[in-house]
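Labels below follow one simple rule: chain letters A, B, ... track the order of the sequence lines, proteins then strands, and each chain is numbered from 1.
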2 protein chains.
Amino acid sequence: MTDIKTGINPLFLREEELRQGIELLFYAYRDFTAEPDVILAQYGFGRAHHRVIYFVGRNPAMTVSELLGILRITKQSLSRVLGQLVEEGFITQRPGTRDRRQRLLELTEKGIELERQLTERQRTRFARAYREAGAEAVEGFRKVMRGLIDEVDRPRFPGRR
Amino acid sequence: MTDIKTGINPLFLREEELRQGIELLFYAYRDFTAEPDVILAQYGFGRAHHRVIYFVGRNPAMTVSELLGILRITKQSLSRVLGQLVEEGFITQRPGTRDRRQRLLELTEKGIELERQLTERQRTRFARAYREAGAEAVEGFRKVMRGLIDEVDRPRFPGRR
DNA sequence: CATATATGTCAACATGACTGACATAAAAAC
DNA sequence: GTTTTTATGTCAGTCATGTTGACATATATG
């Protein structure tokens, strides 16, 4: 075996390092999503609703196709949550002007308020983590995260210029 | 409005920065989990099975309670997937020696093989991202991710000594 | 005019979470 | 040594969120 004397096996270290990454992602996502769930439950909503509200709030006047492309779910799955959100007045749909087949999505005042309330927790979590880690670490975080994402979606996160 | 002349509003930048973090986490997790799903489907398993296999592989002889504490799901939910994995010979249970109420969990050969196959994709994804980002960025990534995790679970990821 | 596209809808199903109630065996406390 | 707590399992029912497949409508495009 390699490095019996030093007790360090570089391959083992690498394996350890990679598994740590996997676990960091698991735990971070678990805790990151747990907080808004409490609020969502009060509205009778789930995580899927949060995702829709989030991305519609982030990309006003986005089309259903665009949203489907981000969420990577089927239109039938989206239809249920989106339908509820429209029905209950959190999101409005209006036909596109250039292409009248499109249903452009937008948050209502009520939707904006819920989005703010939901995302606030997550923003606070990031703000704390960023502050404690420092600017340089944040840059490293971005770099690695960007590299984890499928190539098609990396342009959504332009690197440092 | 602040900084009309420079066109820079620091509060807006901060908001942008935090939202980018939120989105990085969403996309990374989405793509990170998508790959093993293909293999799991061939076995008639889902993501929940992968999580159980992963953590049992990582912590041999772990108890059911420990596993529940990591996954943060109910024992009823765990019971189904764990039961299947035991039934189909991927995991074995044996009573603890110190405390004979415990059922210590362990991967079988078959389980180890499946774990390897499943996690390999994710390890490769991390390996590439780490390599492209560089050692310093990886350190920043770790720092931020650790800060995102609930305080109780941070000791699982000791900082740099 | 024919075809492709954007969207929606109906139906059936699978997975993985939940709550609540109850059961058993072993450890720990008194 | 009896009582209580703990670790685990199980039965039953429900819900949220994903899937596939088929079909419908309106509009854009060739």
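- Taking the six-membered ring for Trp and thresholds of 30 and 60 degrees, A:F90 and A:Y43 have ring planes more than 60 degrees apart, a perpendicular arrangement.
- Applying the 4.0 Å criterion to OP1 and OP2 of C:dA17, one finds that A:R30 has every side-chain N and O outside that range.
- A sub-4.0 Å separation between OP1 or OP2 of C:dG16 and a side-chain N or O of B:S77 is absent.
- Taking atom CG on B:L68 and atom P on C:dT19, their separation rounds to 13 Å, with Å as the unit.
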- [ ] For A:V64 and A:K75, run side chain to side chain contact (heavy atoms under 4.5 Å, CB included): C-alpha distance rounded to whole Å, both residues' side-chain angles, the deciding distance at 0.1 Å, then the answer.
- [x] CA-CA 8 Å; A:V64 173; A:K75 62 178 175 176; 5.8 Å; no
Task: Heavy-atom protein contacts under 4.0 Å, nucleotides 2-12 of chain D, coded B base, S sugar-phosphate only, - none - done: ----BSBBBB-
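- Atom pair B:R100:CZ and C:dA28:C1' shows a separation of 14 Å (rounding to whole Å applied).
- Atom CD1 in A:I73 sits about 14 Å away from atom C1' in C:dT7, given to the nearest Å.
- Within 6.0 Å of CD on B:Q42 lie more than 12 heavy atoms contributed by other residues, nucleotides or ligands.
- Within a 6.0 Å radius of CD in B:E136, other residues, nucleotides and ligands contribute 12 heavy atoms or fewer.
- Residue contacts shown for B:R47 are limited to sugar-phosphate atoms, with no base heavy atom under 4.0 Å away.
- Phosphate proximity of D:dA16 to A:H49: absent, as no side-chain N or O sits under 4.0 Å from OP1 or OP2.
- Both A:G96 and A:R51 lie near DNA chain D, and the one whose nearest nucleotide falls closer to the 5' end is A:R51.
- Remark: P of C:dA6 and CZ of A:R98 are 11 Å apart, rounded to the nearest angstrom.
- Distance alone, capped at 3.5 Å, places no donor-acceptor pair between the B:R123 side chain and the A:E15 backbone.
- Using a 4.0 Å cut-off, no side-chain N or O of B:R80 falls inside it from OP1 or OP2 of C:dA14.
- Protein atom CG of B:D37 is 18 Å distant from nucleotide atom P of C:dA14, rounded to whole Å.
- Applying the ring pair (Phe, Tyr, Trp, His ring centres under 6.0 Å) criterion to A:Y27, with sequence neighbours excluded, gives B:F157.
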